[in-house]
Amino acid sequence: MSRNAGQVTVVTGGSRGIGAAVALHLARAGHAVAIGYEHAQEAAERTAAAVREAGAACLAVRVDVSDEAAVDALFDAATAQLGPVTGLVNNAGVTGLLGRFTETPVARMRRVLDVNVTGALICARRAALEMSTRRGGAGGAIVNISSAAATLGSPGEYVHYAASKAAVDAMTVGLSKELAAEGIRVNSVQPGLIATDIHAAMGAPDRARTKAAVVPMGRAGEPAEIAGAVAWLLSPEASYTTGAVLRVAGGL
Ligand code: NAP
C-alpha cells in the first residue's frame, strides 16, 4: 500500500500549470485530490481525468479562493466525497499585467493581494480547522506556493505581486510555529521562472523563454519540477520539516 494512502489533499489552482502538475504527482504518490479552479472548467476536468487515470479519487470544484463561503464549499465537498482533508496546497495565484509600479492600477494590486494573500489565508484557516489535533483532527500539512519574487522584489514587473508572495512566506513562518503542536506542518515552495500560462496572463506569452538567460541554469523550469518538491513536503519523509521556505528556481 502507498505511504500516502488515506491522504486527501486540496490543491487550489489545480486546473492548469503548477497546480495541475502537483495534482498529478500527488495522485501517483497515492493521495486523493480535490482540485479548485476559478474559470477553466475544461482544463480542470482534463486534470481531474488524468488524476483518476493515475488511480486516485478526484473531484474538481469551482472556487474563488478569496471568497470564504466558496472555500468552505470546496472543503465540504472534499470531505464528503474523499474523506477528511489531510493536506492543502495553496497554489492559486495571479500577477496581473506586467508594468512599472506607478503605472499599476490600485484595483489590480488589490485583486492580486486578495487572491494571493487573503485567499491563501482563508484556505489555510479552513485547512487548520479541519486538521488540528486540538480540534479533533488527525493533523496534516500545508504547502504554500510563494515565488522567488518574494526575495527578488520584481522591479519594473510587479512589485505588488512580489510583496504578496513575501506575505505568503511570512504566513508560512508564523503558522508553522502556531500549528506545530497541533500536528500541522506548514512550508513554502518558491518557484522561479516556470513555463505555464501565467506569463500570457501577464501580457508576455514568451516570457519563460525570453527571460531564461537570467536564470543561472539557463532555462525556465517545468511545472513537474515544482511538483516533486511539493509532494516531498507533504510526505512522511518531511515529518520534521516545518517553517521551511524551499527555493526551486534553477539558481535564481
Ligand atoms: P497559471 O498557469 O496561471 O494557473 C493559475 C491557477 O490558479 C489556475 O488553476 C487558476 O484557475 C487558478 N486561480 C487563479 N485565480 C484564482 C482564484 N481567485 N481562485 C481560485 N483559483 C484561482 O499559474 P502557475 O504559473 O501554475 O502558478 C501557480 C502558482 O505558482 C501561483 O501562486 C503563482 O504565483 C506561483 N508561481 C508561478 C511561477 C511561474 O513562473 N509560473 C513562478 C513563481 C510562482 P483557472 O484555471 O480556472 O483560471
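Residue numbers count from 1 along this sequence. Atom set for the values below is all heavy atoms of this structure, side chains included, hydrogens, waters and symmetry mates excluded. Just follow the structure's listing: the first ligand is 1, and inside any ligand the first atom is 1.
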Neighbour count >12 (heavy atoms, 6.0 Å) for atom CD, Glu53: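 No, not enclosed.
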Count the heavy atoms of every other residue, nucleotide or ligand shown that sit under 6.0 Å from CZ of Arg134, and state whether that count exceeds 12.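 Count not over threshold, so no.
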Is a salt bridge present between [X] and [Y], judged by a nitrogen-to-oxygen distance below 4.0 Å?
X	Y	value
Asp64	Arg111	yes
Asp76	Arg126	yes
Glu182	Arg135	no

Every pair of nitrogen or oxygen atoms between ligand 1 and the protein that is under 3.5 angstrom apart - can you list them with their distances to 0.1 Å?
| from | atom 1 | to | atom 2 | distance (Å) |
| --- | --- | --- | --- | --- |
| ligand 1 | 9 (O) | Gly13 | O | 3.1 |
| ligand 1 | 9 (O) | Ser15 | OG | 2.6 |
| ligand 1 | 11 (O) | Glu38 | N | 3.4 |
| ligand 1 | 15 (N) | Glu38 | OE1 | 3.3 |
| ligand 1 | 18 (N) | Asp64 | OD1 | 3.1 |
| ligand 1 | 18 (N) | Arg111 | NH2 | 3.4 |
| ligand 1 | 19 (N) | Val63 | O | 3.2 |
| ligand 1 | 19 (N) | Val65 | N | 3.0 |
| ligand 1 | 25 (O) | Thr196 | OG1 | 2.5 |
| ligand 1 | 26 (O) | Ile18 | N | 2.8 |
| ligand 1 | 32 (O) | Asn91 | O | 2.8 |
| ligand 1 | 32 (O) | Lys165 | NZ | 2.8 |
| ligand 1 | 34 (O) | Tyr161 | OH | 2.5 |
| ligand 1 | 34 (O) | Lys165 | NZ | 3.2 |
| ligand 1 | 40 (O) | Gly192 | O | 3.3 |
| ligand 1 | 40 (O) | Ile194 | N | 2.9 |
| ligand 1 | 40 (O) | Ile194 | O | 3.3 |
| ligand 1 | 40 (O) | His199 | NE2 | 3.4 |
| ligand 1 | 41 (N) | Ile194 | O | 3.2 |
| ligand 1 | 41 (N) | Thr196 | OG1 | 3.2 |
| ligand 1 | 46 (O) | Ser15 | OG | 2.6 |
| ligand 1 | 46 (O) | Arg16 | NE | 2.7 |
| ligand 1 | 46 (O) | Arg16 | NH2 | 3.3 |
| ligand 1 | 47 (O) | Glu38 | N | 2.8 |
| ligand 1 | 47 (O) | His39 | N | 2.6 |
| ligand 1 | 47 (O) | Ala40 | N | 2.7 |
| ligand 1 | 48 (O) | Arg16 | NH2 | 2.9 |

So Leu129 and Arg125, do their side chains get closer than 4.5 Å, heavy atoms only?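 Yes. Closest side-chain heavy atoms under 4.5 Å.
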